[in-house]
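So you know, we letter chains A, B, ... as the sequences are listed, proteins then strands, and number each from 1.
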Number of protein chains: 2
Amino acid sequence: MKKFVNTPEDFVPEFMAGVLAANPDLLEGNLEYQMIKRKDAPRDNKVSVIQGSGSGHEPAHVMAVGPGMLDGACQGPVFAAPPVDACYETIKALATPAGVLVLVNNYQGDRMAWDTAVEMAQGMDDIKVDQFIINDDVAVQDSLYTVGRRGVAGNFFVMKCCGAAAEEGKTLEEVKAVAERVNANVRTMGVALTSCIPPAKGTPIFDIGDDEMEVGVGIHGEPGRERAKIKSADEVTAMLFDAVATDLPFDSGDRVALMVNGLGGTPPAELYVIYNKAAQLCADRGLTVARNYVGEYCTAIEMAGCSITLLKLDAEMEAYLEAPATTACRIF
Amino acid sequence: MKKFVNTPEDFVPEFMAGVLAANPDLLEGNLEYQMIKRKDAPRDNKVSVIQGSGSGHEPAHVMAVGPGMLDGACQGPVFAAPPVDACYETIKALATPAGVLVLVNNYQGDRMAWDTAVEMAQGMDDIKVDQFIINDDVAVQDSLYTVGRRGVAGNFFVMKCCGAAAEEGKTLEEVKAVAERVNANVRTMGVALTSCIPPAKGTPIFDIGDDEMEVGVGIHGEPGRERAKIKSADEVTAMLFDAVATDLPFDSGDRVALMVNGLGGTPPAELYVIYNKAAQLCADRGLTVARNYVGEYCTAIEMAGCSITLLKLDAEMEAYLEAPATTACRIF
């Protein structure tokens with residue numbers, strides 16, 4: 001297994017310990033529950049925005065904790081939902097009178113864990129807490145681990161805008177409304193060139209031929225729309241872009257944020273080849289790219305591949321994306 | 001070939017066009033010479049700091065151009081030095097009365113190209129220009145493409161400190177002295193778990209067994225100290241760290257910057273597993289990690305692997321590292 005791992009069981013707590021060691025002034029954690037939080041959270045007059053999912057998608061989510069982004073996050077094992085008790089303890093650790101908003105990427109395992117944890121926090125501890133489900137992936141309606149559309153890299157924009165809105169002192173209902181508006185206006189689709197190897201499995205999560213790609217792949221390697229022969233970068237970009245841009249649809253004159261997200265094993269230069277074409281396709285459609293993001297935002301361990309995300313902006317969203325944020329990964 | 005590429009010949013100009021498209025306010029380029037520069041450079045009263053090398057090491061170097069970092073950079077093809085005319089045109093484009101400092105990673109091809117270009121600029125154009133050679137890699141004394149030690153990820157610290165010093169208005173001689181001091185105090189060693197595929201070659205640049213790693217690898221896949229069986233993350237970290245830390249040597253009580261650099265195909269979580277152990281090893285030696293860097297700073301296309309860099313700090317270097325910088329990659 002071509003990985004930097006000690007034992008598969010220790011992989012998640014050890015990388016989280018690394019994140020904490022690298023950010024001692026910013027973050028603190030409770031590794032018993034694989035949870036990381038802002039040192040200065042919770043604050044009484046501020047809504048806490050939290051998230052949690054399987055590991056292997058870094059920087060999502062524990063590396064996205066910090067001022068202007070998430071107040072806290074918990075991780076499950078690689079590609080498995082966090083346990084209910086981790087979700088519950090994370091809600092409790094970030095509870096404030098202003099309330100807690102849980103952002104959940106739409107995967108059945110995550111939803112089940114958070115549903116239960118939210119009920120426990122409400123019923124047993126009288127904590128003000130609400131959830132919002134992110135489902136930006138246009139590839140397929142239902143999938144291996146999901147009913148409805150999956151939540152993938154568009155999640156970044158929901159976190160960023162909600163983080164900024166909460167920092168401004170918005171109420172729980174207002175922050176949730178921001179999540180709804182961003183999610184309603186964000187669309188993503190990805191493609192995988194290779195599989196990936198969860199440390200505990202030790203073998204690739206799916207097989208793929210040397211000349212094949214999986215179009216519309218999920219961030220756990222779930223099948224997408226089709227298994228196709230590898231095409232040129234421009235053809236792949238056009239395929240992803242068209243699927244995304246026609247879904248909302250985006251209209252000529254729209255201001256957008258454009259993200260090219262690496263899935264973990266694709267180097268920076270290739271992501272910029274994709275960005276170059278995607279920016280041209282935006283111009284062709286009359287879309288103005290007001291903000292752009294090229295890098296690793298939501299990965300599938302070391303999978304070679306990428307996703308394209310478009311967010312239709314309004315003035316409030318632009319201001320939220322512009323707002324300062326400080327996290328373990330410095331890409332926001 | 002599991003890559004996002006159109007044609008191998010277009011790969012470098014296309015990713016550079018992507019970098020320019022993503023940073024229209026910050027950067028401008030001359031893709032005939034595969035050169036990118038700050039829009040606001042050159043400035044008469046400021047030393048220009050430039051660099052250039054083969055492509056495939058992104059974000060080094062064209063994604064490291066911007067205020068507080070490089071004033072300009074040019075790229076060669078993947079893993080090949082930039083042509084002399086590209087180096088010459090880059091010097092001319094950034095020439096100022098205050099002078100130009102060229103930072104060269106110690107590879108024979110790069111040195112030959114820059115030596116000639118510097119001579120041309122001095123002789124034909126009377127441009128004030130000097131060079132500094134970076135050689136931070138402790139792995140081997142001579143290597144496949146290098147006489148003396150290679151210049152690798154430690155290059156980041158030289159760029160950052162020289163960029164900050166030049167921004168402060170230091171003279172060419174003073175900025176070069178900063179480069180000398182940083183280079184004298186920075187040490188790196190890397191390890192590869194996989195090979196990588198230059199687009200124009202289409203096949204791996206070296207063969208490596210499923211259970212093997214190359215210890216002390218160069219950033220073009222050059223052999224290092226030994227071909228060994230893969231070990232645990234902690235063992236690999238200790239091996240790299242000890243090689244680096246005993247070279248200067250670093251002493252108990254030193255303040256250091258610690259970088260864990262991904263070589264392109266290793267995901268963020270694994271880099272933090274390495275960081276976690278490296279930070280412990282710093283503590284064991286009485287080194288205080290004043291600043292840390294975990295991510296991709298100098299890659300070898302999609303190679304799975306990492307390097308560890310230690311920089312022994314003084315107050316001036318700390319201030320330079322703290323100084324603001326804005327580049328295409330937002331990791332500084």
Chemist: So which residues of residues 256-265 of chain A are in contact with chain B at a heavy-atom cut-off of under 4.5 Å?
Modeler: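 Residues in range: G264(A), G265(A).
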
Chemist: Against chain A, label I301(B) side chain, backbone, both or neither, depending on which of its atoms sit under 4.5 Å from a heavy atom there.
Modeler: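 Contact with chain A involves both backbone and side-chain atoms of I301(B).
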
Chemist: Pairing donors with acceptors under 3.5 angstrom, does anything connect the side chains of Q51(B) and N155(B)?
Modeler: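 A pair is found: one side chain offers a donor N or O, the other an acceptor, under 3.5 Å apart.
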
Chemist: Closer than 3.5 angstrom, by distance alone: can the side chain of E302(A) be matched with the main-chain N or O of I197(A) as a donor-acceptor pair?
Modeler: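 At least one qualifying donor-acceptor pair exists.
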
Chemist: Does any backbone or side-chain atom of M303(B) lie under 4.5 Å from a heavy atom of chain A? Answer side chain, backbone, both or neither.
Modeler: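 For M303(B), there is no contact with chain A at all, as no heavy atom is under 4.5 Å.
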
Chemist: For chain B, which of N292(A), D211(A), N6(A), V294(A) has the most heavy-atom pairs under 4.5 Å?
Modeler: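 That would be N6(A).
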
Chemist: Side chain, backbone, both or neither: which part of C306(B) has a non-hydrogen atom closer than 4.5 Å to chain A?
Modeler: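 Both parts, heavy atoms under 4.5 Å.
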
Chemist: Angle between ring planes, H57(A) versus F79(A), binned at 30° and 60°: parallel, tilted or perpendicular?
Modeler: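 Rings of H57(A) and F79(A): parallel, as their planes differ by under 30°.
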
Chemist: Can you tell which of P268(A), A269(A), A279(A), P13(A) has the highest number of heavy-atom pairs within less than 4.5 Å of chain B?
Modeler: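 The answer is A269(A).
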
Chemist: Which one wins on heavy-atom pair count under 4.5 Å against chain B: V191(A), V5(A), I230(A)?
Modeler: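 That would be V5(A).
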
Chemist: So which of A233(A), S232(A), P267(A) has the largest heavy-atom pair count under 4.5 angstrom toward chain B?
Modeler: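 If we count pairs closer than 4.5 Å to chain B, A233(A) comes out on top.
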
Chemist: Just checking, is any N or O donor in the side chain of E296(B) or T299(B) under 3.5 Å from an acceptor N or O on the other one?
Modeler: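 No pair is found: no donor N or O on one side chain lies under 3.5 Å from an acceptor on the other.
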
Chemist: Could you tell me the separation between the CZ atom of R255(B) and the CD atom of E318(B), rounded to the nearest 0.5 Å?
Modeler: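 Separation between the atoms: 4.0 Å.
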
Chemist: Using atom types as modelled and distance alone, determine if a side-chain donor or acceptor of K201(B) lies under 3.5 Å from a backbone N or O of P204(B).
Modeler: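 Answer holds: yes.
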
Chemist: Drop me the distance from F4(B)'s CZ to L193(A)'s CG, to the nearest 0.5 angstrom.
Modeler: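 Reported to 0.5 Å precision, the distance equals 4.0 Å.
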
Chemist: Check for me whether the distance between the ring centres of F157(A) and Y293(A) falls short of 6.0 Å.
Modeler: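 Between F157(A) and Y293(A), the centre distance is under 6.0 Å.
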
Chemist: Under the side-chain hydrogen bond (donor to acceptor under 3.5 Å, both in side chains) rule, collect the residues that match up with E28(B), sequence neighbours excluded.
Modeler: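 side-chain hydrogen bond (donor to acceptor under 3.5 Å, both in side chains) check on E28(B) returns K37(B).
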
Chemist: For the candidates T266(B), T7(B), V236(B), L20(B), which exhibits the highest count of non-hydrogen atom pairs separated by less than 4.5 Å from chain A?
Modeler: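 Looking at each option in turn, the highest pair count goes to T266(B).
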
Chemist: Between A328(B) and chain A, which part of the residue has a heavy atom less than 4.5 Å away: side chain, backbone, both or neither?
Modeler: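 Both backbone and side chain.
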
Chemist: Select, from G305(A), P199(A), S55(A), the one with the greatest count of heavy-atom pairs under 4.5 Å involving chain B.
Modeler: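 Option with the top pair count is G305(A).
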
Chemist: Would you indicate whether D210(B), at its atom CG, is surrounded by more than 12 heavy atoms from other residues, nucleotides or ligands within a distance under 6.0 Å?
Modeler: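 No, not enclosed.
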
